[in-house]
Amino acid sequence: MRKRNSKTDFVIDLTSLLDVIFIVLLIVMCGQKLLSDDTKEAAAKAEEMIEAADASLRESDALQEYYRQHTEAFENTEQYVRFVDVVAYFDSSTRISDRTVIVTAGIDEGSELVRIPVTAANEAEGYASLQKYLTGIIEEASDGVSVPVILSLNRGDESILYRDETAISNIFEYLASQYDNVFTR
C-alpha cells in the first residue's frame, strides 16, 4: 500500500508564475523609462525659463546702471544744455540681427526712455524713426531760447555693432548740419 502524502507526489510547476513576474517587471521598467523622459523634458523647460529670467535680470541691471550714470552726469544742467544719450546694443544671447536703440533726453521726471527696435528687416525704418525722434527733441529745445543740444552715442563700446555706430553717427552729422544748436560727442 502506498502512502497518500508522500514527498514524491508533491510537484509545483512555477513556470507560469515566472512568466507573470517577468511581464510585471517589464511593465514597471517601461513605466520608469517614460517617467524619466517626462522628467527630462520638464527639466529642460525649467532650464530655458531660468535662462530667460537671467537674461531679463542682466538687462534690468544694465538699464539701472545706465540710469544711475545718466542722472549723475547731467544733474542740474537741463536749463542750460539739453543732453540726448543714444545707446545702441545687442544681446549676445539672442540673434545679432535683433538690436535695440535706446534714447534718453534729459533727466527730468517726465523724460522717458524710448526704445527703437532695429532688425535686419526694419533697419531703414528704425534709423528713420530715430532721426524723426531726435529732430523732435531738437526742435523742442529750439523753441524760445535756443538751448544747445548735445547728442552722444556709446561709440567704441563692445555692445554696439559697427554698422549701428556708423548709421547713427551719420544721423548725428546730418542733424548737426541742419541745426546750429546741435553738437555731437
Side-chain angles (χ1 to χ4, degrees), residues 1-73 85-105 107 109-134 152-169 171:
M1 208 159 149
R2 277 174 82 184
K3 287 186 181 179
R4 293 189 90 167
N5 290 333
S6 117
K7 288 185 179 180
T8 58
D9 289 343
F10 187 76
V11 175
I12 298 176
D13 188 16
L14 296 177
T15 307
S16 60
L17 182 61
L18 285 174
D19 289 343
V20 170
I21 290 173
F22 281 122
I23 290 171
V24 170
L25 182 63
L26 182 65
I27 291 171
V28 169
M29 289 176 62
C30 288
Q32 289 295 327
K33 171 83 170 112
L34 292 175
L35 183 62
S36 69
D37 289 345
D38 291 342
T39 305
K40 289 178 186 175
E41 290 176 20
K45 287 181 183 177
E47 186 66 31
E48 289 175 12
M49 291 173 63
I50 289 171
E51 288 176 12
D54 286 343
S56 295
L57 183 62
R58 284 192 306 271
E59 182 181 355
S60 170
D61 289 343
L63 286 174
Q64 182 181 8
E65 179 63 20
Y66 170 71
Y67 274 128
R68 186 190 64 74
Q69 290 176 354
H70 182 75
T71 303
E72 285 178 4
D85 289 331
V86 178
V87 176
Y89 73 93
F90 67 96
D91 188 3
S92 59
S93 65
T94 62
R95 296 184 332 202
I96 199 165
S97 63
D98 297 337
R99 288 115 47 213
T100 304
V101 176
I102 298 176
V103 181
T104 308
I107 58 169
E109 288 293 322
S111 67
E112 62 183 47
L113 180 80
V114 176
R115 292 173 180 256
I116 301 171
V118 177
T119 63
N122 79 343
E123 200 166 281
E125 293 87 10
Y127 293 139
S129 176
L130 173 64
Q131 183 172 341
K132 181 179 177 184
Y133 184 72
L134 291 175
S152 69
L153 176 64
N154 61 329
R155 289 185 175 100
D157 193 357
E158 69 261 358
S159 64
I160 186 172
L161 295 179
Y162 177 75
R163 62 182 169 219
D164 290 335
E165 183 176 342
T166 304
I168 295 170
S169 294
I171 292 171

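Note that this is a predicted model, so its numbers are computed, not measured.
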Approximate separation, where rounding is to 0.5 Å, of [X] [atom1] and [Y] [atom2]:
| X | Y | atom1 | atom2 | result |
| --- | --- | --- | --- | --- |
| Ile21 | Leu25 | CD1 | CG | 9.5 Å |
| Leu153 | Ile168 | CG | CD1 | 5.0 Å |
| Lys132 | Leu130 | NZ | CG | 12.5 Å |

Minimum heavy-atom distance between [X] and [Y], given as atom pair plus value:
| X | Y | result |
| --- | --- | --- |
| Arg163 | Tyr127 | O-OH, 4.0 Å |
| Thr104 | Tyr66 | OG1-OH, 2.9 Å |
| Gly126 | Ile116 | O-CG2, 3.6 Å |
| Asp164 | Ala88 | CB-CB, 4.3 Å |

**Message:** Salt bridge or not between Glu65 and Arg68? Use side-chain N to carboxylate O under 4.0 Å.
**Reply:**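 Yes.
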
**Message:** Between Ser169 (side chain only) and Glu165 (backbone N and O only), is there a donor and an acceptor less than 3.5 Å apart?
**Reply:**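 Present.
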
**Asked** Do side-chain atoms of Thr166 reach the backbone of Tyr162 as a donor and acceptor pair under 3.5 angstrom?
**Response**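 Yes.
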
**Request:** Taking the side chain as every heavy atom from C-beta outward, state whether Ile102 and Leu63 have any atom pair closer than 4.5 Å.
**Result:**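 With C-beta onward as the side chain, the pair touches.
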
